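Written out below as structure tokens is the structure these notes cover.
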Amino acid sequence: MTAVFARHGFPIAIGAIAAAFLGLFFLYPVLSVFGASVLDPTGTAFTWRNYAVVLSSPFFLQALGNSLVVAAAATALAILLGVPFAFCVARLAVAGKSALLALAALPLVLPSFVSAYALVLMFGRAGIVTGALRAVGLPFESIYGLKGIVVAYTLTLYPYVVLPAVAAFKSIDASVEEAAQNLGAPRGRTLRTVILPLALPSILAGGLLVFIEALENFGVPFVLAEDTPILAVEAFKLFVGETADNPASAGVLGVLLIACTVIALLAQRAALARRRYATMARRPAPLLAVSPSLRRLAGIYCWALVGAALVPFAAVVVISFLAFKGPVLQYAFSLGNFAELFQRSYRPLANTVMLSLAAAAGATLIGVPIGYVIVRRRSRLSALLDVVATAPFAVAGTVLGIGLILAYGRGYLILTGTALIMIVAYVVRKLPFSVRAASAILHQIDPSLEEASINLGVAPLPTFLRVTVPLMLGGIVGGSVLVFVTVASELSSTVVLYSGAWTTMTVAMFQALEGTSAGVAAAAATVLIIVTILPVALVYRLLRRYELSAL
Amino acid sequence: MTAITIDGVARSFGEVRAVDGVSLVIRDGEFFTLLGPSGCGKTTLLRMVAGFCELDRGRILFGERRVDTVAPHRRNTGMVFQNYAVFPNLDVGGNVAYGLKARKLAREEIAGKAERALKLVRLDGFARRWPHQLSGGQLQRVAIARAVAIEPDVLLLDEPLSNLDAKLRVEMRGEIRALQRTLGITVIYVTHDQEEALAISDRIAVMRAGRVEQVDAPRVIYEAPANGFVAGFVGATNLLRGVVVRRDGEVADVLVGATTLRARLPRQMSLDRVALSLRPEALRLIADGDAPPPGWRVLSGTLEDVEYLGALTRFTVRLADGTPLSVMALTPPVASGEVAVAYDPARVVVLEDKA
């Protein structure tokens, strides 16, 4: 037994900590959601009736349908737009390539509902563009509804496809392409029969992220859906409903959401089961020689896509510096929106920074050892750990938030209303991120470095601290920053869990949206953009090295 | 400087018996090589000595001290890894001093020993360089300096030359051998390159499928291989299976296909079915009219192929019964058609035919 522990002690210890944390704050809350969905109104007897009620309601069925349609459409569009973009960046001499890649990744760290809000400001009923179009006599229907949501998702989520696809295109060895051409395949055929199939697993992996993100997102449909029912929003409304809260029906919607993501995950696994390509380019494929006009066209396409994705954010920033008279925009520079925002309170900004820091620290402290065990101590235990630590991906933020309140709103451990419950939710949600960042960087560190240190007389734990951690530092910092910025722009679990004292920047903006203070909302959005872009810019060189592999 | 006893060690990974009951005694100050094809267990065995691979059974001793139960960082072995494993976040001096610092030596002592180790591998003056500024050969020297700086009981080298180009490989192996003689240190060296093993070792253990096939000095391994595997793996050979048809004291006639060869048969060997190993360079093509050296016997065949290798030429001769023979000679190609091949029965190695 002692020998077993010596060989497996570290993985067992890490596994136990991870199991305790995820068991308490992930599995138990998710089970609570499931539990709520199968209890009768008195909360004591088991029943499937709640499912019958929800699934026989045309309104909720429509919500389910809408959610799936929106997610599928956004995934398809993100792939359709993202793959050509990735190919151009990877294989053509497009102008400003490294800037393109940096800007393309940007929407991932920016709050997506800010982009949605910008769409409203520009194309909404009283939108700037809508008004301008009407003024010249062009009829323009507003952006609200499914189409608006799909546009917002596509523009903010396409980087999930672009980043792995660029990596995949670059990792195909030049000889593969040369072999195809040597055997008589013209360029187009080579692309269709060799290059695209080889990149397909990465493209589908990115597509899955788009699908899951689009399904679980709360902010974008909240801003753009109006009366169109969307699953993630309806679950929230049912749970904190103004008339009567209904945890049973909210639970059913939560379970439906989880089921959708799990099915998507399994479908992707099944599609990729027989496609495992070891891709490590010894000699990366060279840039393709194409005619200057084609190259210019590719450049225009790439910059147009990046521009379209970033224009909404830029628009919000510009608008936040303009004066508002009530809800009406005046074309004059003003800091009034910011004054009004901070007149209310500085707390949201401080809260956002504090909660994000705590979440980044927590996710890193738990995630890095898990990543280490998964990569360095391969066993059945570590494989299980890998699955469990990735599972939070499949659970929507709203659903996790509801689960945490169901689990810790009463009983022995009451956490609702505290900062702790928010931090816990963030750590659970971002854990897959830090685990992947850690394992990605570890894959690049040769294990013999650690063995060399031990061989020279340094015990395993000091070796981990003196050799492994310094070498991982770039990846760890990069991963922590990504956790920080994505938590700073998080809304879906925050909106369920926040309490007055712990209002965040995202909530402040959310509240401003519910009211009529468009200017304050824009100012809050600008502050959020700064909070997320600043740390990313600071460690950009680190991120460039690791973000691709972290995805 | 220590003798090493490896006693009945074994380790399985799932169904695979990586090391399957190996016992070896490595003498104090010996340059000992583990040689074998990939997957034969040589690296696993080396990692067992270093402590990176646990034993299912068996023992390992340094001198009288049992070490297989000792944690790897307390074994005092100096290991040189195949990919060097030079810490990229430390400069050359930091790498070499790493193990000395772990031993909590005084600062002046560390500086002195690190400097001496660098001088030993002819890298004096490189202490402040960074690993990414060094060539492959220089990284190799840093790895060696780092391993010998701690004055280990045994120096372990895991295919240390496989990442270097051919010319540097020959140069470095000479340096490693010279270093070992200077320090008088016990070395265990792992390689799959038989020429390297022959050139550098005091003794070689040839391994296959987790077992040791033969342990001997290089010359014995080459000239008196214990079995067909060793004969084939170390150097090239013509391995012919046959039946003993006549036996007269030490001299026997062996029927291979339809050809009869004469060989010296070890007394203790009583088997009828044998395998013959004829080294290509021990065979000689005989020009028309020339007499073979005294005591040699002649086979006739057809010259099928000639490969010009620069210093040597390889001829492939097919005997009348269809058996191909490979012959190496210094002479450039002259012959064609029907040729005669002469061999010395004293240099034919008779092996058990393990089917």
Side-chain angles (χ1 to χ4, degrees), chain A residues 1-13 280 282 368 372 375-383 438 440-478 541-542 545-546, chain B residues 13-14 43 46-47 49-56 68-90 94-105 114 117 131 142-160:
Chain A
M1 192 57 210
T2 50
V4 169
F5 199 78
R7 205 180 280 185
H8 303 292
F10 187 59
I12 288 174
M280 260 301 277
R282 286 161 171 273
V368 170
Y372 183 83
V375 175
R376 284 290 193 263
R377 310 289 175 91
R378 288 185 177 280
S379 68
R380 237 173 268 156
L381 175 72
S382 67
I441 173 75
L442 264 169
H443 275 299
Q444 297 171 22
I445 301 173
D446 199 297
S448 62
L449 286 170
E450 290 153 56
E451 290 178 354
S453 166
I454 293 171
N455 177 258
L456 291 167
V458 179
L461 191 62
T463 290
F464 179 74
L465 296 176
R466 275 163 62 179
V467 174
T468 320
V469 169
L471 291 175
M472 288 177 75
L473 209 56
I476 294 175
V477 170
R541 281 188 52 214
L542 277 179
R545 267 163 68 197
Y546 302 112
Chain B
F13 299 108
T43 293
L46 189 80
R47 290 170 61 81
V49 176
F52 294 125
C53 178
E54 275 157 83
L55 283 63
D56 287 341
D68 56 278
T69 49
V70 175
H73 64 279
R74 300 217 178 86
R75 287 201 194 183
N76 201 34
T77 63
M79 184 146 172
V80 176
F81 292 82
Q82 184 168 10
N83 57 3
Y84 319 135
V86 171
F87 304 125
N89 53 332
L90 298 176
N95 266 281
V96 177
Y98 190 89
L100 301 169
K101 283 183 182 157
R103 282 162 177 71
K104 305 224 178 345
L105 302 181
V142 175
I144 294 172
R146 186 177 70 178
V148 298
I150 62 169
E151 291 162 20
D153 290 330
V154 53
L155 186 61
L156 308 172
L157 298 116
D158 184 9
E159 307 229 13

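Worth saying up front: this structure is predicted, and the values here are computed from it rather than measured. A note on names: the letters A, B, ... follow the listed sequences, proteins ahead of strands, and every chain is numbered from 1.
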Original post:
Quick one: what part of Arg75(B) sits under 4.5 Å from any heavy atom of chain A, side chain, backbone, both or neither?
Top reply: neither
Subject >> Intermediate values then yes/no, side chain to side chain contact (heavy atoms under 4.5 Å, CB included), Ile454(A) and His73(B) >> reply: CA-CA 5 Å; Ile454(A) 293 171; His73(B) 64 279; 3.8 Å; yes
Original post:
For the residue pair Arg103(B) and Gly457(A), what are the closest heavy atoms and their distance?
Top reply: NH1-CA, 4.1 Å
Original post:
Where do Phe52(B) and Glu451(A) come nearest, in terms of heavy atoms and distance?
Top reply: CZ-O, 3.0 Å
Original post:
Do you know which of Gly78(B), Gly51(B), Ala147(B) has the most heavy-atom pairs with chain A at a distance under 4.5 angstrom?
Top reply: Gly78(B)
**OP:** Might you point out which heavy atoms bring Leu449(A) and Phe87(B) nearest each other, and give the distance in Å?
**Re:** O-CE2, 3.1 Å
Subject >> Segment of Val86(B) engaging chain A (4.5 angstrom heavy-atom cut-off) >> reply: backbone
Original post:
Hey, what do you get for CG (Asn455(A)) to CZ (Arg47(B)), rounding to the nearest 0.5 Å?
Top reply: 10.5 Å
Subject >> Contacts of type side chain to side chain contact (heavy atoms under 4.5 Å, CB included), residue Val375(A), not counting sequence neighbours >> reply: Ser439(A), Leu442(A), His443(A)
**OP:** Report the residues that fulfil side chain to side chain donor-acceptor pair (under 3.5 Å) with Ser448(A), sequence neighbours left out, ordered by chain and then residue number.
**Re:** Asp446(A), Asn83(B)
Subject >> Donor-acceptor pair, side chain of Arg74(B) and main chain of Ala459(A), under 3.5 angstrom >> reply: no
